[in-house]
Amino acid sequence: MIKKIPIEALKPGMEVVQVPGELWQHLPYLYCEPGIIESETEVARLVELGYREAFVTTEEAGDLSDEVHLERLISGSEIGREPRERTPFGQAIASTMVTYEDAMVHAMQIVQDAKLGRKMDYATSLKTASAIVESAVSNPDTLVCLAKLSEFDDYTYTHCINVAAISVVFGEFIGMSRDELVLLGVAGMMHDLGKTTVPARIINKPGPLTGPEREEVRRHPQFGCDILRHNRDIPERVIKAVMHHHERYNGSGYPAGLSRKDIPAFARILCLADVYDALTSDRCYKDAILPNKALGIMYGMRDQDFDPTEVQLFIKCLGIFPAGSFVKLNTGQYALVFETNSREPLNPKIRIVMDEKMNPIHTRDVDLTAQPEGDGTIEILECADPSAYRKNLMNYLTRN
Ligand SMILES: [Fe+2]
C-alpha cells in the first residue's frame with residue numbers, strides 16, 4: 001500500500017512513488033520523483049526546496065494485494081451501517097438512468113446560468129437532488145455504476161453529477177436524513193460552479209499550471225460562493241460546502257486552511273467524492289485509475305487529506321470492488337460488479353459478460369456468496385482495465 005506523508009517524515013530507504021492522474025498537478029508541494037530516498041541530506045534538500053508531502057510505499061500491508069488489504073481494513077472496522085433491504089439492481093437501474101440523464105441536463109443548465117450570470121433554477125436543483133436521493137435509497141449501486149460507466153463525454157457536467165451521486169450514496173450510508181441528503185446533492189451539483197469564472201484556457205490546459213494559473217484555479221470555491229450568493233434561496237449550508245470542498249484534514253487545503261472538524265461535514269463528504277471521481281475518471285484515458293486502486297490511494301491519504309475514520313467509512317461504503325468495476329475471474333472470464341456486499345466485500349454479485357479473449361458471451365449473473373461448495377467456485381482475481389471496452393459495458397448492465 002502507499003501512504004501520503006509529510007516530507008519531514010521521509011527516511012533513507014523509503015520508496016517515493018508517483019501516483020498517476022492529473023489530480024496532483026494543482027499540488028506543487030507534492031514531491032513525486034519516484035525512487036529510493038538515499039540519505040537524510042536528500043530529505044533536508046527536499047524540505048529546503050519547499051516540498052511538503054510525498055507518497056511512499058509502506059510496510060504495514062507487506063505484500064498484500066490492494067484487494068486483500070482493503071478487505072482487512074473493512075472487516076476490521078465496526079463502523080458503518082448494517083446493510084439494508086434494497087430494490088434489486090435489475091429493477092432499480094432503469095429509473096436511476098432516467099434520474100442520471102435528467103441530472104445531466106440540469107447540470108448543463110446550471111453551468112450555463114452561471115456562465116451567463118443568470119439566476120439559478122433552484123427549485124429544479126432540489127427536484128434533481130431529490131431524485132438522486134430516491135435512487136440512493138432504492139439501490140445505491142445503480143448510482144455508483146452509472147458514475148463509473150456512463151458515456152457522457154463532457155467531464156464538467158459528468159463530474160458535477162458524479163460528485164452529487166457519490167456524496168449522496170455516502171451520506172445515505174452514514175445515516176443522514178433525507179432532507180440533509182437533498183441539500184448534500186445540491187452542494188455536489190454546484191461544488192465546482194466557480195470554475196466557470198476561471199478562464200477556460202487555464203481549466204483545460206493539458207500541462208502543468210504556472211504559479212499564477214494555479215492561484216487562479218484555487219479561487220474557484222470563492223467564485224462559486226459569489227455565484228450562489230446572487231441566488232437568495234440557496235441555503236448557507238450549501239454555500240459553505242462549496243466554499244470549503246478543497247480544505248484538507250491537516251489544514252493544507254484552501255481557501256481558508258481549515259482543519260479537522262472545523263471543515264463543514266458536507267464539505268468533507270464532497271471532498272471524498274470529488275477526489276474519488278477525479279481519480280477514476282477518464283479525462284484522458286491513460287490517467288484513469290481503477291476504482292479499487294483509487295480507494296487504496298485515498299486510504300494512503302488518511303491523516304493528511306482525509307479524516308482516517310471517514311475515509312475508512314467511505315471505502316466501506318463503496319466496497320473493495322465498487323459497483324461498475326470490470327473484473328477478471330479465476331475462470332479467465334470477465335465480469336461486471338453490479339451489487340456490492342458490505343458483509344463479504346470480496347464477494348459481490350457479478351454479471352459474467354466476456355470470455356478469456358474478451359469476446360462477448362451470453363451473460364450470466366452470479367452471487368459470489370451463494371455458490372455451491374466445490375472445485376468450480378468462481379472468484380475475482382483482480383480489477384481489469386475497462387477503458388478499451390467502456391463504450392459497451394453499461395449495455396451489459398441494463399439488459400436482462
Ligand atoms: Fe473544486
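Just follow the structure's listing: the first ligand is 1, and inside any ligand the first atom is 1. Any value given below was found using the heavy atoms of this structure, including those in side chains, with hydrogens, waters and symmetry copies removed.
Counting only N and O atoms by type, the side chains of Ser281 and His159 include no donor and acceptor under 3.5 Å apart.
The atom of Asp192 that is an N, O or S and sits closest to the Fe ion (ligand 1) is OD1. Among heteroatoms of the N, O or S kind in His246, NE2 lies nearest the Fe ion (ligand 1). Closest to the Fe ion (ligand 1) among the N, O or S atoms of His220 is NE2.
The distance between the ring centers of Phe89 and Phe338 falls below 6.0 angstrom.
Classification of Arg178 and Glu134 as a salt-bridged pair holds, one side-chain N sitting under 4.0 Å from a carboxylate O. Look at Glu215 and Arg219 and you find no salt bridge, because none of the NZ, NE, NH1 or NH2 atoms lies under 4.0 Å from a carboxylate O.
Backbone or side-chain N, O or S atoms of His191 do not reach the Fe ion (ligand 1) at under 2.8 Å. For residue Asp274, no N/O/S atom approaches the Fe ion (ligand 1) to within less than 2.8 Å.
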Quick one, His245 with His220, criterion ring pair (Phe, Tyr, Trp, His ring centres under 6.0 Å). Give me CA distance, side-chain angles, the key distance, then yes/no. CA-CA 10 Å; His245 76 273; His220 79 269; 5.3 Å; yes
